[in-house]
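Chain identifiers are assigned alphabetically (A, B, ...) following the order of the sequence lines, protein sequences preceding nucleic acid strands; residue numbering begins at 1 within each chain. Since this is a predicted model, take the numbers as computed values, not measurements. We use all heavy atoms of the structure for the numbers below, so side chains are in, but hydrogens, waters and symmetry mates are not.
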There are 2 protein chains.
Amino acid sequence: MTQNADPSQSTTKRYRTPDGVPADIVMFTLTKRERKTVTKTLPIRELKVMLIRRKSWPCAGMWALPGGFCRESESIYDAATRELKEETGVDGGHLEYLGVYSDPGRDPRGWIISHAFYALVEEWMLEHRQAADDAEEVGLFTVSQALDELELAFDHRRIILDAYRQIQQQMLQTTIAKQFLPEEFTLSELYQVIQTVVPEFKEPNFIRKITSTRSRQGILEEVRNEDGKPVSSNQYSQRPAQLYRFTDHTPLLSMYT
Amino acid sequence: MTQNADPSQSTTKRYRTPDGVPADIVMFTLTKRERKTVTKTLPIRELKVMLIRRKSWPCAGMWALPGGFCRESESIYDAATRELKEETGVDGGHLEYLGVYSDPGRDPRGWIISHAFYALVEEWMLEHRQAADDAEEVGLFTVSQALDELELAFDHRRIILDAYRQIQQQMLQTTIAKQFLPEEFTLSELYQVIQTVVPEFKEPNFIRKITSTRSRQGILEEVRNEDGKPVSSNQYSQRPAQLYRFTDHTPLLSMYT
DNA sequence: GTAATAGTGTCTATAAGACATTATCCC
DNA sequence: GGGATAATGTCTTATAGACACTATTAC
């Protein structure tokens, strides 16, 4: 079949058309819990995903990704943006397309083709949800909890798994780490964020590599005040640490060079 | 709106549903043209994309990506696989998902949400198309021709541009180069293929880097015969060159290490 | 002072980058 | 032998990787 086929004839039931095209969002957040130690230290961070317990058929009682159906007047991305806004009550948060989930029978309601997104939001943005719609149960789970311990609706386990892999890859190959950090941060914080999302990541000489290898120079820049003096912070350590921020530059990686 | 909304009620016209969900394929091929020189040399390679000239409304006369509508009994990926098979007459060819294109009004026929794929096929696979359906005009264009010189249907220019960027990135970060090469190949061939797809790629010491840096050791392996002797080929050069093949290993790249 | 984390010194092995040189074939 | 491409030698500089060491703060 080629695209010359005319689906406007679907009104005459010549073709079956989908029953709905939702956008589902894997909402990640990096929780930050202060440690109650005698001395200054980095908080404990954990990667979590927000899920909603379904109340009605289908998959009643199971945990599912927040989502909503796309309207004719908007693109799928618009729908996801709108949904994210409705869930968090604020604009903002990093939203990215993940993929399409269209296996026949994936949704007992009919021919439902779902578009998955993942969002990186701040923890406080999720509190709105709990207040706004207290009729629905909302949960924040670690990724391994979600994947291994919960009963998930539809093919949402697969989606969460795909999103997790995607975010891990992006954490290493792009600068999305900035979504989980304040504008200015220390290198220990950055390292901790990377390790929280990608536990396998180990780099003993992290500070030195970032600061003194030319090929990585462009990624970060030192924060300086008006006088050009380096700015540091002792929020998380006894000895103050230099603050950095991301530049706009993302290097193009290659396995051949 | 949350996913509790029930789209099965769309039969009662409570919700508008899409009029069709096609899969469109950006079919890339790397053409290979022998040079008529006195001495052995690499062929001229060019990255091309296959397009079809539309005969009927909408966008009649314009060039468009091959594609077809998805059926209820198959996933989008299935539909693309089927379409690729119909276009080329053979199974095979690398097929990968690119993204969803859903801007309102992108297709005058109605609410049509298109899913773009890109395929890497061999040149001979495209000849079938010309023979099979000679009623439709088929064209092979370089990417810059397609982007700059042709009048393209729908949002297909955007799709081709996205696919081009994607394939360039993948050429450097994955081993898709193998899709454009025979099982066994020389390093000059590999280098040429990379450069054809990513003209900016320059690496004077390419051979040495591949063969003598530990971090890249895993990507390729030397071809050896039964006796363990290295196998070389003089197909494209006077002095025979060592043959290589890709291993299953694709390194995980990181901008921080 | 001590504890704690930030950051540097130092040394070795490996890799990058730029050329020059040699090797192996075709003609 | 001459021409062409493959592959290695060589030299300089940069980076990786491992640890020991110094620096700056809190308490």
Side-chain angles (χ1 to χ4, degrees), chain A residues 34-45 172 184-193 195 201-220 222-224 229-244 251-257, chain B residues 34-45 184-193 195 201-224 229-244 251-257:
Chain A
E34 303 296 330
R35 269 151 139 167
K36 295 198 183 56
T37 54
V38 62
T39 169
K40 289 183 177 183
T41 183
L42 284 169
I44 296 172
R45 291 189 214 244
L172 298 180
E184 304 176 349
F185 51 86
T186 67
L187 294 182
S188 317
E189 272 189 287
L190 171 59
Y191 186 60
Q192 188 199 23
V193 166
Q195 278 216 312
F201 184 80
K202 295 268 160 52
E203 189 49 65
N205 269 340
F206 186 72
I207 292 184
R208 166 162 300 169
K209 269 204 174 161
I210 292 292
T211 56
S212 72
T213 60
R214 261 213 299 242
S215 56
R216 276 168 278 275
Q217 291 286 2
I219 305 170
L220 301 178
E222 291 183 347
V223 177
R224 296 174 175 278
K229 303 278 184 204
V231 179
S232 54
S233 155
N234 65 348
Q235 184 179 7
Y236 296 126
S237 60
Q238 322 234 51
R239 170 171 173 176
Q242 174 66 43
L243 290 174
Y244 288 83
L252 178 57
L253 300 172
S254 160
M255 57 189 267
Y256 298 115
T257 58
Chain B
E34 303 296 330
R35 268 148 138 172
K36 294 197 183 59
T37 55
V38 62
T39 168
K40 288 183 176 181
T41 183
L42 284 170
I44 296 171
R45 290 188 216 244
E184 304 176 350
F185 51 86
T186 67
L187 294 183
S188 319
E189 273 189 286
L190 171 58
Y191 186 58
Q192 189 201 22
V193 165
Q195 279 216 311
F201 184 80
K202 295 269 160 52
E203 188 50 64
N205 270 339
F206 185 72
I207 292 184
R208 166 161 300 168
K209 269 205 174 160
I210 293 292
T211 56
S212 71
T213 58
R214 261 213 297 244
S215 55
R216 276 169 275 277
Q217 291 287 2
I219 304 171
L220 301 177
E221 64 184 7
E222 292 182 348
V223 178
R224 297 174 174 277
K229 302 280 183 202
V231 179
S232 53
S233 156
N234 65 348
Q235 185 180 7
Y236 297 125
S237 61
Q238 323 235 49
R239 171 170 174 176
Q242 174 66 45
L243 289 173
Y244 288 83
L252 179 58
L253 300 171
S254 159
M255 55 190 270
Y256 297 114
T257 58

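Between A:Asn234 and C:dT5 there is no side-chain polar atom (N or O) within less than 4.0 angstrom of OP1 or OP2. Look at B:Lys209 and you'll find a side-chain N or O under 4.0 angstrom from OP1 or OP2 of C:dG17. Listed pair A:Arg216 / D:dA16 meets the phosphate criterion, a side-chain N or O lying under 4.0 Å from OP1 or OP2. When the side-chain nitrogen and oxygen atoms of B:Arg214 are compared with OP1 and OP2 of C:dT14, one or more of them lie within a distance under 4.0 Å. Checking the phosphate oxygens (OP1, OP2) of C:dA6, a side-chain nitrogen or oxygen of A:Ser188 falls inside 4.0 Å.
Of the candidates D:dA16, D:dT25, C:dC25, C:dC25 carries the atom nearest the B:Gln238 side chain, counting heavy atoms from C-beta on. Out of C:dT5, D:dT10, C:dC26, the shortest distance to the side chain of B:Arg208 is found at D:dT10. For B:Ser237, whose side chain is taken as the heavy atoms from C-beta onward, the closest listed nucleotide among C:dA18, D:dA6, C:dC25 is D:dA6. When each of C:dA6, C:dA4, C:dA18 is scored by its nearest atom to the side-chain atoms of A:Thr39, the top-ranked nucleotide is C:dA4.
Rounded to whole angstrom, the span from the CD atom of A:Gln192 across to the C1' atom of C:dT5 amounts to 13 Å. Note: CD1 (B:Ile207) to C1' (C:dT24) measures 14 Å, nearest angstrom. Rounded to whole Å, the distance from CG on B:Leu190 to P on D:dA6 is 13 Å. When rounded to the nearest whole Å, the span between NZ of A:Lys40 and C1' of C:dT2 equals 17 Å. With rounding to whole Å, B:Phe206 atom CZ is found 16 Å from D:dT5 atom C1'. Look at OH on B:Tyr256: it is 18 Å from P on D:dT15, rounded to the nearest Å.
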Step-by-step side chain to side chain contact (heavy atoms under 4.5 Å, CB included) determination, A:Gln242 to A:Leu187: CA-CA 8 Å; A:Gln242 174 66 43; A:Leu187 294 182; over 6 Å; no

Stepwise side chain to side chain contact (heavy atoms under 4.5 Å, CB included) test for A:Glu222 and A:Tyr244: CA-CA 5 Å; A:Glu222 291 183 347; A:Tyr244 288 83; 3.6 Å; yes

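Aromatic ring orientation, A:Tyr256 versus B:Phe201: perpendicular (interplanar angle above 60°, classes split at 30° and 60°).
In this structure, the side chain of A:Tyr191 engages the main chain of A:Glu203 through a donor-acceptor pair within 3.5 Å.
Checking B:Ser212 against B:Asn205, the closest nucleotide of DNA chain C that is more toward the 5' end is the one next to B:Ser212. Take the nearest nucleotide of DNA chain D for B:Thr186 and for A:Pro204: the residue whose nucleotide is more 5' is B:Thr186.
Counting distance only, with no hydrogens placed and no angle test, the side-chain atoms of A:Arg239 and the base atoms of D:dA23 include a donor-acceptor pair under 3.5 Å.
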